[in-house]
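First the structure, in the form of structure tokens, and then the observations on it.
Side-chain atoms are counted along with the backbone in the values below, which use heavy atoms only and exclude waters and symmetry mates.
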There are 2 protein chains.
Amino acid sequence: MNDVAAAAGLSRTTVSKFFNGSATLKPDTREKIERACRALNYVPDLHAVSLVTGRSNLVGVVLPFIAEPFFGKVLQLMEREAAALGLQIVIQASNNDTRREAAALMALRAMKVHGIILTPIESNDNRALLASLQKEMRIVFLDSFMDENCHFVMNDNHQSIGLMVNYLLSRNVRPAYLGTPRIANPSRPERMAGYIAAMKAAGETPEVIPVAVDTPTWQFEAFAYEQLLNWCGQGGLRESGAGAIMCTTDRMAFGAAKALRKFGRHPGKDMLLAGHDNLDICEYMDPQLTTVHQDIERISQAAMHFIQLDPAELGGRLYQQRFAGRLVIRESA
Amino acid sequence: MNDVAAAAGLSRTTVSKFFNGSATLKPDTREKIERACRALNYVPDLHAVSLVTGRSNLVGVVLPFIAEPFFGKVLQLMEREAAALGLQIVIQASNNDTRREAAALMALRAMKVHGIILTPIESNDNRALLASLQKEMRIVFLDSFMDENCHFVMNDNHQSIGLMVNYLLSRNVRPAYLGTPRIANPSRPERMAGYIAAMKAAGETPEVIPVAVDTPTWQFEAFAYEQLLNWCGQGGLRESGAGAIMCTTDRMAFGAAKALRKFGRHPGKDMLLAGHDNLDICEYMDPQLTTVHQDIERISQAAMHFIQLDPAELGGRLYQQRFAGRLVIRESA
DNA sequence: CTGAAAGCGCTTACAG
DNA sequence: CTGAAAGCGCTTACAG
């Protein structure tokens with residue numbers, strides 16, 4: 001910066017003002033600085049800036065897994081938002097390990113990140129840590145949270161599940177429900193409750209497919225495949241009278257389809273099948289998967305919007321947003 | 001840090017040594033410091049550390065897209081490596097836009113990142129920028145590069161494609177080849193050359209499916225679907241005599257399967273179908289996709305290994321690694 | 001609109 | 001093994 005100031009024949013203060021967007025600089029001065037920067041290939045040292053200002057242009061994102069298609073898409077959308085705001089994303093995966101999650105959070109704190117976007121693991125291990133962190137920095141929960149007393153952005157599960165139940169009923173089939181493994185809070189109970197409520201509202205008896213092993217796995221396809229195989233093996237298909245299997249995620253529907261085929265069924269023909277999320281790959285499954293689109297565009301936008309929000313604007317209120325899903329009808333139902 | 005030093009009754013120098021892993025501290029001293037840190041909930045300010053040391057624990061990763069399943073998986077694996085090395089990943093997506101790519105690179109430079117892992121866009125726009133950046137910082141190319149004069153880690157395309165050609169020939173079918181859209185350099189020409197070479201070596205005539213519009217798209221499924229639809233529509237299926245469609249990526253195989261079905265073919269039965277990469281979803285396609293597994297575990301590891309390598313260890317040599325693929329036989333071929 | 005000065009929280013020789 | 005001092009590259013009142 002000294003060099004730039006010297007080359008431009010100005011003081012460091014003036015150069016600093018230039019980078020902080022001061023409107024009081026003469027066009028002439030600006031140009032001199034721009035020229036000097038270009039000549040010296042100068043870019044301000046962000047660590048020095050962060051040290052003195054006490055904040056950085058970094059935003060931390062902590063997700064259970066990065067390669068999970070839903071999270072991958074959300075991350076990509078958030079990156080676009082971040083870039084537009086001049087923010088950089090530091091990405092960490094907790095890998096469903098509470099210690100990794102805690103370490104990631106602490107590292108982000110040491111970096112004085114602008115804020116944190118977090119999809120927490122379903123566990124109480126980091127409850128205290130999170131509670132104290134929430135006091136000193138901006139933290140918004142995405143898709144999942146510990147308790148209602150936080151900022152969050154997520155899908156409107158009640159609405160989106162209701163949409164699918166009613167659509168399936170309108171096709172004159174009774175959907176049996178296959179729920180998520182024990183990982184996503186509060187989406188798991190919310191979606192289940194949404195299914196039950198919508199069925200009852202329509203005067204139908206809900207049928208939740210029993211889950212043999214309720215381990216907190218992220219292998220949705222394998223989980224659904226095994227649970228449904230089990231159910232079919234025990235005569236569930238015969239006894240149930242359900243005309244559709246309604247899954248809480250697309251990935252589960254992919255596993256369910258495989259299990260149905262194994263039992264000689266043709267998903268979309270003699271047994272309707274529905275997912276939830278609208279992953280890109282749905283269009284290329286056979287049959288193409290009918291699902292509900294989560295509004296990940298707005299979810300991602302809202303999360304990043306919160307990060308750059310001046311806390312004063314919230315006026316002490318909690319930032320809590322739920323976005324409505326949209327039915328996407330394809331071949332499977 | 002002053003507070004910690006005071007609380008522990010020591011000087012800042014000593015506390016600093018503690019964090020920099022000096023072995024010359026008395027156990028007694030260490031414990032005092034640890035206690036003080038815990039009491040004060042202290043973590044060193046990384047920006048101050050970076051400012052004075054001139055380097056950070058940040059590593060920049062620039063990919064064309066984050067939600068691309070292959071990149072998502074690689075990113076996840078790299079994050080795990082980074083965490084183990086005490087590094088943090090700053091992720092940026094170029095979105096196939098050279099200006100975004102240039103901006104990402106400059107931002108990473110301003111952050112004094114430890115190094116950059118880059119999958120460049122196929123374009124010459126940032127050639128000069130990259131050349132100058134390569135001189136001042138560690139940059140390793142992943143899966144793709146501009147010219148051979150760089151550090152890179154990637155799949156051994158010649159080997160992996162040859163593997164599939166020979167497998168298909170061993171099943172007594174002649175594979176026609178559907179190549180990647182114009183985006184991946186040098187993988188696209190390498191794989192094509194690998195196919196042609198393997199066919200010729202086996203005494204067979206190569207058959208490359210002509211591509212109508214060679215736009216640089218990342219919509220692999222849609223691209224393959226359209227190209228194959230075109231080809232089938234023009235009687236390619238009838239005239240070719242090929243017994244298998246060999247695709248350069250799994251995602252293309254998904255699109256190809258859809259096109260084949262549209263023309264009344266049954267992938268895996270009356271027309272074999274093969275992919276490349278071994279995405280997780282392959283197992284849940286119908287038919288399950290036969291493919292070749294890219295060794296993304298080692299590719300990711302090697303990339304991160306390079307980042308934390310002391311340049312002196314290279315002794316001026318280029319770090320260039322190609323990893324062999326592995327055949328994964330399922331139902332489609 | 002511009003300049004001189006203090007300070008952000010650390011590390012690193014250097015001296016003891 | 002520990003302490004006093006300088007300095008990393010910026011920003012921010014403050015004075016002109």
> Roughly, in whole Å, what's the span from CZ in B:Phe18 to C1' in D:dT2?
Replying inline: 16 Å

>> Across nucleotides 8-16 of chain D, 5' to 3', mark each nucleotide with B, S or - according to how protein heavy atoms within less than 4.0 Å reach it.
In response: BBBBBB---

>> Let's test this: given Watson-Crick or G-U wobble pairing with both distances under 3.5 Å, identify the partner of D:dC1.
In response: C:dG16

>> What I'd like to find out is whether the side chain of B:Leu133 reaches to under 4.5 Å of the side chain of B:Leu105, using heavy atoms alone.
In response: yes

> Can any side-chain N or O of A:Asp45 pair as donor or acceptor with the backbone N or O of A:Ala48 at less than 3.5 Å?
Replying inline: yes

> Within the distance-only criterion (no hydrogens, no angle test), does the side chain of B:Gln92 pair as donor or acceptor with the backbone N or O of A:Gln88 below 3.5 angstrom?
Replying inline: no

> Taking the side chain as C-beta and beyond, is there a heavy-atom pair between B:His151 and B:Phe141 under 4.5 Å?
Replying inline: no

> Are OP1 or OP2 of D:dT2 and a side-chain N or O of B:Thr29 less than 4.0 angstrom apart?
Replying inline: yes

> Is the phosphate of C:dC1, meaning OP1 or OP2, less than 4.0 Å from a side-chain N or O of A:Thr14?
Replying inline: no

>> Could you check whether any side-chain heavy atom of B:Gln294 comes within less than 4.5 Å of a side-chain heavy atom of B:Ile299, counting everything from C-beta outward?
In response: yes

> Hey, does A:Leu46 reach any base, or is it just sugar-phosphate, or nothing, if we go heavy atoms under 4.0 Å?
Replying inline: nothing

> Do B:Glu101 and B:Asn126 meet the criterion of a side-chain donor-acceptor pair at a distance under 3.5 Å?
Replying inline: yes

